[in-house]
Amino acid sequence: MSRANITSALKPDLLRGHTAWITGGGTGLGRGMAERFGALGAKIALSGRREEPLAETAQAIRDAGGEAAFATCDVRDPAAVTAAFDALRGELGEIDILVNNAAGNFLSPSEKLSPNGFGSVVGIVLNGTFHCTLAAGQRWIETGTPGAILNIVTTYAWTGSAFVLPSACAKAGVLAMTRSLAVEWGKHGIRVNGIAPGPIPTEGAFSRLMPDPKLEERHKARIPAGRFGTREELAELAAYLVSPAAEWIRGEIVTFDGGEWLRGAGEFNDLLDLNIPWDQLRPPKK
Ligand code: COA
């Protein structure tokens, strides 16, 4: 059994009675959360730019006995976001969970970025998260619906990172949004939390961010867990955080990276890679 195999700690009907809107839900991590939330009893509302993966994921959820609907929209366009949210509510009934998963990213030296390149990523990640959050939050406040928002950020939201400047800036903004709204909207019964994943192999992310197998190996080597994460593990944590079981967790960003970012941060952590003769370094016993 691989160490990535997990046993679920969740009740099989944990999300029954809830409806979850997952942006970027047709592929990758979004699809993983959509399928898992569906299996845990939630109705699933999917959105994304391309119809084909959304239709395929919705069908997979229905084939597994769940209920799902989808609507295409680019999260950068606030009118399209509102239209998609209304259409999804029309089909499935009131939505009470939002997962801001849609993202855009690419590797580039920062001095080679164009304003449009910077704006595209920030538009998807920061503005897009705001547009979806606003659509859901306004509705929930107006109707007195308690809701849960989960933002997928990244571990470099607080450290920054070379070569992904637009994403780092945008995710840092989403982190601030998470904490700000957890306080401001708490009195409406709206919870806002986040997950900061380290590397989890998906076609969308790895084709852009790990262009070379050697790079993949280097990344893996610095993860204390000794492996990448899986989208199934992410979906377990996400399901818990959006569920009523996590009612008292507010404004929290859960680091989910096998220990990777701390590995890079600790002053002496690189000693792990060296063959240190520890016994010889001790002072002789008196
Ligand atoms: N390096 C530098 N600039 C880049 C780039 C790269 N690898 N990829 C795109 N850009 C620039 C483009 O040149 C363009 O700027 P310009 O008009 O000044 O030339 C700008 O970004 C927009 O590109 P475009 O392809 O028109 O945008 P889009 O809206 O279709 O796509 C992206 C948005 C760029 C974020 C694209 O990578 C995408 O669709 N990503 C979604 C999926 C994803 O990133 N998943 C991984 C999440 S971790």
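Only heavy atoms go into these numbers, but all of them, side chains included; no hydrogens, no water, no symmetry mates. Whatever order the structure lists ligands and atoms in, that order sets their numbers, starting from 1.
- Put simply, atom 37 (O) of ligand 1 has protein non-hydrogen atoms near it, under 4.0 Å away.
- Using modelled atom types, no side-chain atom of His188 and backbone atom of Ile141 make a donor-acceptor pair closer than 3.5 Å.
- Side-chain contact check for Glu232 versus Arg36: every heavy-atom pair is 4.5 Å or farther apart.
- Counting protein heavy atoms only, atom 44 (O) of ligand 1 is closest to Asn105 N, 2.9 Å.
- Remark: ligand 1 atoms within the under-4.0 Å shell around heavy atoms of Ala103 are 41 (C), 42 (C), 43 (C), 44 (O), 45 (N).
- Some N or O of Arg49 is nearer than 3.5 Å to an N or O of ligand 1, by distance alone.
- Of all the atoms in ligand 1, the ones that sit under 4.0 Å from a non-hydrogen atom of Ser114 are 15 (O), 16 (P), 18 (O).
- With a 6.0 Å radius and a threshold of 12 heavy atoms from other residues, nucleotides or ligands, Glu51 has its CD atom at or below the threshold.
- With respect to atom 46 (C) of ligand 1, the closest heavy atom belonging to the protein is Gly204 O, 3.8 Å.
- Proximity of atom 26 (O) of ligand 1 to the protein is not indicated, since no non-hydrogen protein atom lies closer than 4.0 angstrom.
- Residue Arg76 touches ligand 1 through its side chain alone, judged by heavy-atom distances below 4.0 Å.
- When hydrogens are left out, the protein atom nearest atom 33 (C) of ligand 1 is Ile124 CD1, 4.0 Å; that is the closest non-hydrogen contact.
- At distances below 3.5 Å, not a single donor-acceptor pair connects side-chain atoms of Ser161 with backbone N or O atoms of Val164.
- In this structure, atom 20 (C) of ligand 1 has a protein heavy-atom contact shorter than 4.0 Å.
- Relative to the six-membered ring of Phe85, Arg89 meets both conditions, a distance below 6.0 Å and an angle of at most 45° to the axis.
- If you look at Arg208 next to ligand 1, the close heavy atoms, those under 4.0 Å, all belong to the side chain.
- Checked by atom type and distance alone, the side chain of Arg139 never pairs as donor or acceptor with a backbone atom of Ile95 at under 3.5 Å.
- Judged purely by distance below 3.5 Å, without hydrogens or angles, the side chains of Asp257 and Thr155 never pair a donor atom with an acceptor atom.
- From the protein, the heavy atom lying nearest to atom 23 (O) of ligand 1 is Ser120 OG, 4.3 Å.
- Of all protein heavy atoms, the one closest to atom 9 (C) of ligand 1 is Phe106 CE2, 3.7 Å.
- Nearest non-hydrogen protein atom to atom 14 (C) of ligand 1 is Asn116 ND2, 3.9 Å.
- Heavy-atom neighbours of Gln280 CD from other residues, nucleotides or ligands within 6.0 Å: at or below the threshold of 12.
- Side chains of Thr159 and Trp261: a donor-acceptor N/O pair is absent below 3.5 angstrom, by distance only.
- Taking every heavy atom of Gly117 and a limit of under 4.0 angstrom, the matching atoms of ligand 1 come to 11 (C), 15 (O), 20 (C), 21 (O).
- Side-chain atoms of Leu46 and Trp21, non-hydrogen and from C-beta on, never get closer than 4.5 Å to each other.
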